[in-house]
Amino acid sequence: MAGRRARPIRTNAEGAGQTVGKGACSIRGGTEAARRMSEEGKCSIRTGEGVFYNLHMELCRDVSSLAVGAIGERLDVCDGMCASGVRGIRYKKENENVDSLVLVDLSRKACALARANAKKNKINATVRNCELNYFLANNFEFNFIEIDPFGSPHPFLFSAIRSLARNKTAYLSATATDTAVLCGAHHRACVKIYGARPIDNEFCHEIGVRILIARIVRIASAENFGTIPLISFSMRHYFKIMCRLEAGAEKAFESSKSIGYLSYCPKCLHRQTHPTPHLPKKCPVCKAQTDWAGPLWLGELHDAGIIEKMRKMNSERNYKNKTELAKLLFMMKNEIGMPPFYFDIHVIAKKKKISPPPMEKVIEKLRKKKFSVARTHFSPTSIKSDAATKEVGKAL
């Protein structure tokens with residue numbers, strides 16, 4: 001394996017005293033938190049010194065495992081950068097449709113721990129000590145690949161999608177913890193890594209999610225895959241995307257038609273989507289200079305059938321986060337059918353120099369005017385609606 005490719009990729013490093021990475025944050029090897037037993041879902045996971053385990057990603061793994069079960073099809077899963085193996089082991093133990101599981105990690109310590117955890121949970125799993133891109137370039141037996149790196153999933157997207165290319169239908173699950181990049185705090189990095197322009201504004205988290213999906217769609221299209229997002233959500237400091245890839249040049253073309261651009265006015269908060277990069281330089285409402293983002297995904301963020309199955313499965317499973325999961329899935333369900341991008345009531349109120357009214361009163365007023373409106377999982381102070389920015393402002 002060429003050294004230059006592996007160096008910038010932050011995989012699960014070895015060694016006590018090193019910062020080891022996987023998921024949304026990092027823990028130093030050798031801490032008490034890194035040596036204990038952890039109960040998650042139906043699994044009991046031992047964590048070890050020098051192998052990363054993120055307690056705060058349990059909810060993400062809950063959602064992901066529900067989505068895997070909701071897919072229903074027989075799955076051969078590759079959990080790339082598996083660390084303790086918790087995610088892949090949960091997929092296998094909690095879902096009857098997972099036929100086989102391969103756990104991959106560059107760290108020997110992680111592989112040893114993942115192997116022990118699989119045995120402890122009575123799971124048949126193959127464990128491979130290998131750099132993920134190299135592994136995927138030489139293995140094509142999977143129809144579901146999990147990419148959960150420390151930072152951006154982008155360095156692994158090409159290899160993952162090419163590895164899935166022999167399937168008529170396949171699934172890709174990716175976590176991104178470089179949210180500062182995708183949300184526009186590091187503008188140049190987003191352009192460099194994702195080939196897209198972000199905006200650091202009040203709905204930057206949805207912009208970031210849509211930039212990530214668009215990047216997946218563009219890579220998949222080049223491999224003659226159409227892309228259907230099954231779940232897409234933003235929480236804490238990570239984004240999670242799980243999508244279905246369907247083979248066919250026509251399907252790839254249809255997915256590409258849902259990629260577009262956003263023009264945004266920082267003065268009056270007007271936003272508008274466009275199918276091409278030919279964007280207005282002046283706001284059509286207040287004539288101020290506009291900002292723009294893209295290319296980004298303008299289609300649905302979730303699949304209605306998958307979300308409904310996940311809600312049913314959550315009610316039947318005894319997860320610690322059951323109540324929080326129910327609320328999250330309910331909001332994701334209500335986002336389906338809504339236009340892209342949410343309205344932050346507090347930001348609009350500040351622009352109008354008024355105190356923000358109760359959310360329910362704003363929702364009630366908009367519904368009385370026959371607008372569709374719902375709360376969004378992206379922000380507790382925000383709503384999604386088919387109303388224009390001006391109409392939302394009037395409701396305040």
Side-chain angles (χ1 to χ4, degrees), residues 10-16 18-69 75-132 135-136 139 141-142 144-150 156 173 175 177 238 240 317-321:
R10 297 180 183 179
T11 55
N12 299 306
E14 298 183 45
Q18 286 185 307
T19 298
V20 290
K22 180 177 184 290
C25 63
S26 47
I27 291 177
R28 292 196 176 273
T31 62
E32 186 62 33
R35 297 194 197 100
R36 65 185 176 187
M37 294 298 299
S38 183
E39 302 293 328
E40 276 200 32
K42 292 183 177 181
C43 297
S44 179
I45 300 294
R46 181 171 67 84
T47 59
E49 183 178 342
V51 179
F52 187 77
Y53 172 75
N54 191 344
L55 291 167
H56 301 296
M57 293 294 279
E58 181 177 354
L59 182 68
C60 178
R61 292 187 284 266
D62 291 342
V63 176
S64 301
S65 185
L66 288 171
V68 166
L75 298 177
D76 296 304
V77 175
C78 171
D79 181 5
M81 294 165 285
C82 67
S84 65
V86 58
R87 187 180 286 272
I89 291 169
R90 286 192 59 183
Y91 287 177
K92 173 73 171 166
K93 190 162 185 176
E94 296 175 7
N95 300 290
E96 294 181 355
N97 60 317
V98 176
D99 287 336
S100 65
L101 172 66
V102 176
L103 303 170
V104 182
D105 205 287
L106 186 60
S107 163
R108 289 192 183 92
K109 287 184 179 180
C111 288
L113 186 60
R115 191 176 290 110
N117 279 327
K119 184 177 180 180
K120 179 178 178 58
N121 286 278
K122 300 179 180 179
I123 293 296
N124 291 323
T126 301
V127 181
R128 295 294 300 273
N129 178 207
C130 191
E131 194 274 328
L132 183 59
F135 177 78
L136 292 175
N139 291 273
E141 65 267 30
F142 312 108
F144 185 107
I145 294 177
E146 179 70 44
I147 304 174
D148 187 9
F150 180 63
F156 309 99
S173 178
T175 310
T177 61
Y238 67 86
K240 184 66 182 175
R317 294 186 181 183
N318 192 29
Y319 285 158
K320 288 178 282 185
N321 299 308

> How long is the gap from CZ on Phe135 to CG on Leu106, to the nearest 0.5 Å?
Replying inline: 13.0 Å
>> How long is the straight-line distance from CG of Leu132 back to CG of Asp148, given to the nearest 0.5 Å?
In response: 11.0 Å
>> For Tyr319, does the six-membered ring have the charged nitrogen or CZ of Arg90 within the cation-pi criterion, i.e. under 6.0 angstrom from the centroid and within 45° of the normal?
In response: yes
>> I'd like to know if the side chain of Asn121 and the backbone of Ser44 have a donor-acceptor N/O pair within less than 3.5 Å.
In response: yes
> Only one of Thr126, Asn139, Ile145 forms a side-chain contact (heavy atoms from CB on, under 4.5 Å) with Val102, so which one is it?
Replying inline: Thr126
> Are the side chain of Lys92 and the backbone N or O of Asp99 linked by a donor-acceptor pair below 3.5 Å?
Replying inline: yes
> Between Asp79 (side chain) and Leu103 (backbone), is there a donor-acceptor pair under 3.5 Å?
Replying inline: no
>> Tell me whether Asp105 contacts the main-chain N or O of Ser107 through its side chain, where contact means a donor paired with an acceptor under 3.5 Å.
In response: yes
> Is Arg46 close to Tyr53 at the side-chain level, that is, under 4.5 Å between some pair of heavy atoms?
Replying inline: no
>> How close do Ile89 and Cys43 get, counting heavy atoms only, and between which atoms?
In response: CG2-SG, 3.7 Å
>> Please give me the minimum heavy-atom distance between Val98 and Tyr91, naming the atom from each residue.
In response: CG2-O, 3.4 Å
> Is there side-chain contact between Asn321 and Glu58, with at least one heavy-atom pair below 4.5 Å?
Replying inline: yes
> Do the non-hydrogen side-chain atoms of Thr175 and Met57 ever get within less than 4.5 Å of each other?
Replying inline: yes
>> Set out, in order, the CA-CA distance, both residues' side-chain angles and the distance that settles side-chain contact (heavy atoms from CB on, under 4.5 Å) for Ser173 and Lys240, then state yes or no.
In response: CA-CA 8 Å; Ser173 178; Lys240 184 66 182 175; 2.8 Å; yes
> Do you know which two heavy atoms are closest between Ala83 and Ala114, and how far apart they sit?
Replying inline: O-CB, 3.7 Å
> For atom CZ of Arg128, is the number of surrounding heavy atoms from other residues, nucleotides or ligands below 6.0 Å larger than 12?
Replying inline: no
>> To the nearest 0.5 Å, what is the distance between OG1 on Thr47 and CZ on Phe52?
In response: 11.0 Å
> Are any non-hydrogen side-chain atoms of Cys78 and Leu136 less than 4.5 angstrom apart?
Replying inline: yes
> Is the backbone of Gly41 close enough, under 3.5 Å, to the side chain of Asp62 for a donor and an acceptor to pair up by distance?
Replying inline: no
> How far apart are the closest heavy atoms of Glu39 and Lys320, and which atoms are they?
Replying inline: O-NZ, 2.8 Å
> Are the side chains of Ile147 and Met81 in touch, meaning some heavy atoms are under 4.5 Å apart?
Replying inline: yes
> Minimum heavy-atom separation for Phe150 to Thr177, with atom names?
Replying inline: C-OG1, 3.9 Å
>> For Asn97 versus Val68, what's the shortest heavy-atom pair and its separation?
In response: ND2-O, 3.0 Å
> Could Glu40 and Arg317 be called an ion pair, given the rule that one side-chain N must be under 4.0 Å from one carboxylate O?
Replying inline: no
